[in-house]
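Working notes, structure below.
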2 protein chains.
Amino acid sequence: MKNNITLKTIAHQLGISESTVSRVLNGKASKYRISKKTEEIILKTAKELNFTPNPLARSLRLNKTNTIGLVIPDISNPFFSSIARNVEQEARKLGYSIILCDTEEDTDLEKESLELLELRKVDGLIISPVGQTFNYIKRIYNNGMPIVIIDRYFPDLDIPYVTSDNYKGAFEAISYLIDNGHRSIACIQGLTHTSPNNERVRGYREALLNYHLPVDEALIVGDSFGEQNGYLETKLLLKNEKNITAIFSVSNLISLGALRAIYEEGLRVPEDISIISFDDQPYSDYLATPMTTVTQKNKEMGQISIKLLINQIESKIRFSSKCVILPTKLIKRKSVKLKNETGNTEDISTFNSYGSDHN
Amino acid sequence: MKNNITLKTIAHQLGISESTVSRVLNGKASKYRISKKTEEIILKTAKELNFTPNPLARSLRLNKTNTIGLVIPDISNPFFSSIARNVEQEARKLGYSIILCDTEEDTDLEKESLELLELRKVDGLIISPVGQTFNYIKRIYNNGMPIVIIDRYFPDLDIPYVTSDNYKGAFEAISYLIDNGHRSIACIQGLTHTSPNNERVRGYREALLNYHLPVDEALIVGDSFGEQNGYLETKLLLKNEKNITAIFSVSNLISLGALRAIYEEGLRVPEDISIISFDDQPYSDYLATPMTTVTQKNKEMGQISIKLLINQIESKIRFSSKCVILPTKLIKRKSVKLKNETGNTEDISTFNSYGSDHN
DNA sequence: TAAAGTTGCACAATTGTTTGTGCTAATTTT
DNA sequence: AAAATTAGCACAAACAATTGTGCAACTTTA
């Protein structure tokens with residue numbers, strides 16, 4: 001049944017030892033002074049028998065699996081699935097396979113997954129952590145496992161990461177809102193204590209401060225990157241007394257929930273309320289109101305992270321926390337009510353629009 | 001550095017043979033008449049040392065990797081990523097890990113991936129094939145590899161599959177269009193010669209015939225499930241002389257492309273043109289015009305396929321092609337112009353609305 | 001008390017590969 | 001022609017687990 005051609009098969013057939021066959025097939029013939037004749041006959045019969053070495057035995061002996069663990073909070077979120085795609089493609093080209101683990105945004109599952117992958121002797125890990133704690137990640141890293149963290153990193157953890165410039169992305173988005181006359185801007189957060197969330201909220205705060213606008217803590221709401229959080233918080237925001245004119249939504253799914261609430265309340269975007277969202281999506285342009293978004297370089301995130309990781313794996317050198325921060329870009333569409341349409345004539349000097357000279 | 005506690009470590013420490021340790025840890029103590037005392041001390045020190053067997057050695061010996069290959073044309077397509085999510089979750093619960101391969105809709109890459117996975121001795125495969133050819137899939141299956149095919153199956157291939165009732169889904173969608181007065185309906189296809197495409201197109205044809213309407217071959221266009229195909233074909237459809245009033249789009253991405261073309265031409269949905277799409281998406285409700293869609297049971301597809309596969313793996317029994325076809329459902333939103341809004345008073349008897357009694 | 005039976009475990013082979021070491025035979029040197 | 005090289009490869013260990021067989025030692029039976 002199974003393809004059971006091993007080194008032994010070839011060795012027996014030729015009356016040669018397995019070690020010689022192995023050396024020839026690994027290109028070490030000259031190093032071990034195998035004769036041309038022997039080399040040729042081995043190569044020939046290996047091809048004839050369609051021999052391929054058993055990776056399990058190889059891995060066992062060499063302590064190398066050519067396998068990488070990809071740990072992600074939700075593969076069905078298009079942000080992560082597009083990263084997964086690029087990670088997988090690059091990995092394949094470099095001779096590695098991907099073991100996928102979806103942690104369902106659950107810290108316990110994440111811990112389990114990491115332990116499983118460590119047990120399975122993967123050569124390295126790309127983790128987009130849930131982001132609540134990192135002690136077990138650190139443990140595994142200190143055990144010698146190459147790791148790259150993606151998207152949600154930990155400032156206090158000395159492991160290479162690649163992420164977006166979330167602070168600047170948010171800063172620009174909020175500045176854009178302010179420039180267009182918005183003063184009462186809500187921020188619907190994702191999972192708190194995660195770096196992308198913190199950085200985006202920080203961008204929100206500092207943009208307001210930069211324009212000498214007060215930060216109303218009651219307008220910073222929410223606690224998850226999911227759709228339901230967007231829905232609930234928007235519902236509440238729309239019911240309260242503060243007359244918000246814009247919502248800054250910290251993720252694509254939050255935005256979908258926000259839209260659900262907004263339409264349910266019979267409001268229009270952007271006439272009644274503006275919205276600006278992190279994460280551009282293929283459909284962003286075709287929404288009821290095409291969405292103004294902060295887009296991230298997903299493709300590059302995937303590609304860079306895998307390259308950083310394989311560097312770590314193959315060089316055995318550990319850079320002291322080599323990090324990559326990718327620029328974001330504000331894609332202006334129709335979901336923000338503009339100044340000249342608002343009737344709001346209050347003049348706002350545009351100060352030092354942070355970072356407009358970057359990227 | 002690495003966690004190098006093996007059976008030997010324990011055996012040495014206790015002055016016991018490795019075989020005894022192995023048997024105790026595998027619960028075969030009584031079968032091999034190991035004394036309670038020995039059993040307990042082994043169990044105790046194994047726990048103390050935090051021993052876990054090396055899966056590579058285990059796999060090598062047992063010829064079982066507890067690993068499943070998931071082969072998919074495009075993981076960034078939300079249809080597939082939601083399937084992947086459910087497959088991964090179920091597999092994990094059952095003690096299997098997923099090796100992910102994205103074939104980029106490329107037959108050669110698919111072949112390579114399958115050979116790689118076979119080499120890696122995965123215990124089984126879940127394949128959503130590109131769908132152009134199946135000889136290498138058949139070869140692997142005949143070699144004894146358990147396989148379940150998902151979404152795109154091959155009618156001539158005797159391998160278990162799980163898919164949607166694409167025919168009926170399309171039939172209902174088209175019937176709905178006809179019931180609402182549409183007569184000139186275009187169909188933008190996906191990859192031809194794939195079963196979901198063929199079945200959906202067949203549903204399209206037969207629904208028309210069922211209403212005694214002619215099938216205009218010139219209105220069946222396209223050749224890919226991607227966005228660009230939707231865009232190009234819609235552009236062309238809108239330029240030609242036949243006054244189509246509705247588009248049946250065979251995939252979610254095609255629909256996005258179609259929308260791009262429609263809006264680019266300054267047309268409105270559904271006033272100027274109606275559209276109905278296969279694949280419901282989280283955003284379908286929030287599009288410029290909420291999209292009427294044929295939704296598939298992605299979650300169930302993932303769960304059922306993994307269960308079928310693991311049945312195959314663990315029972316070693318091969319059902320002669322056990323197949324599962326899941327019902328679809330038409331979600332009526334706003335992208336179809338309805339009869340009472342059309343002014344089209346032509347009376348159409350609704351014949352035997354196929355399958356309205358199912359599900 | 002010797003034969004028979006049972007208890008409790010060790011030995012060694014096996015899975016397929018890689019690699020350090022070392023041995024024989026051929027070739028070269030002196 | 002004997003000694004020294006060198007070519008060409010085999011042997012066996014190691015990676016970490018599983019499993020069939022077998023053998024002491026102990027216990028039971030007659």
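Below, each value reflects all heavy atoms present in this structure, side chains not excepted, and no hydrogens, waters or symmetry copies. Letters A, B, ... are given to chains in the order of the sequence lines, protein chains preceding strands, and every chain is numbered from 1.
Look at Asn4(B) and you'll find a side-chain N or O under 4.0 angstrom from OP1 or OP2 of dA16(D). Phosphate proximity of dA10(D) to Ser17(A): present, with a side-chain N or O under 4.0 Å from OP1 or OP2. One finds a side-chain N or O of Lys28(B) lying less than 4.0 angstrom from the OP1 or OP2 phosphate oxygen of dT19(D).
Side-chain contact check for Ser22(A) and Ser19(A): no donor-acceptor pair (N or O, by modelled atom type) lies under 3.5 Å. A side-chain N or O of Arg120(B) and one of Thr67(A) form a donor-acceptor pair less than 3.5 Å apart.
A salt bridge (charged side-chain N to carboxylate O under 4.0 Å, His left out) check over residues 65-86 of chain B, counting only residues at least two apart or in different chains, returns the pairs Asp74(A)-Arg85(B), Arg85(A)-Asp74(B), Asp102(A)-Arg85(B).
One atom, CG of Leu56(B), and another, C1' of dA14(D), lie 15 Å apart when rounded to the nearest Å. Atoms CD1 (Ile41(A)) and P (dC9(D)) sit 12 Å apart, rounded to a whole Å. Whole-Å rounding puts the Glu18(A) CD to dG8(D) C1' distance at 18 Å. Protein atom NZ of Lys64(B) is 13 Å distant from nucleotide atom P of dT19(D), rounded to whole Å. One interatomic measurement links the two molecules: CZ of Arg23(A) to C1' of dG22(C), which rounds to 11 Å at whole-angstrom precision. In this structure, Leu62(B) atom CG and dT15(C) atom P are separated by 13 Å, rounded to whole Å. When rounded to the nearest whole Å, the span between CD1 of Ile5(B) and P of dC15(D) equals 15 Å. Going from atom CG of Leu25(A) over to atom P of dT19(C) covers 13 Å, rounded to whole Å.
For Thr20(B), the side-chain hydrogen bond (donor to acceptor under 3.5 Å, both in side chains) partners at least two apart in sequence or on another chain are Ser17(B). Residues satisfying the salt bridge (Lys or Arg N to Asp or Glu O under 4.0 Å) criterion with Lys36(A), sequence neighbours excluded, are Glu39(A). Checked against side-chain hydrogen bond (donor to acceptor under 3.5 Å, both in side chains), Glu18(B) has no partners two or more places apart in sequence or in another chain. Residues satisfying the side-chain hydrogen bond (donor to acceptor under 3.5 Å, both in side chains) criterion with Thr107(A), sequence neighbours excluded, are absent altogether. Every side-chain hydrogen bond (donor to acceptor under 3.5 Å, both in side chains) that Ser82(B) has, sequence neighbours left out, goes to Asn298(B). Qualifying salt bridge (Lys or Arg N to Asp or Glu O under 4.0 Å) partners for Glu110(B), counting only residues two or more places apart in sequence or in other chains: none.
Note on Ser22(A): a base of the nucleic acid sits closer than 4.0 angstrom, heavy atoms only.
If you find the closest nucleotide of DNA chain D to Lys8(B) and to Ile16(A), the one lying nearer the 5' end belongs to Ile16(A). Residues Thr20(B) and Leu60(B) each lie close to DNA chain D; by heavy-atom proximity, the contact nearer the 5' end of the strand is made by Leu60(B).
A heavy atom closer than 4.0 Å to some atom of DNA chain C occurs in Tyr32(B), Arg33(B), Ile34(B), Ser35(B), Thr38(B), these being the qualifying members of residues 29-40 of chain B.
Salt bridge present: Glu48(B) and Lys44(B) bring a charged side-chain N and a carboxylate O closer than 4.0 Å.
Side-chain atoms of Ser19(B) stay outside donor-acceptor range of the base of dC9(C), with no qualifying N/O pair under 3.5 Å.
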Might you list the N or O atoms of the protein lying below 3.5 Å from N or O atoms in nucleotides 25-28 of chain D, with each pair's distance?
none

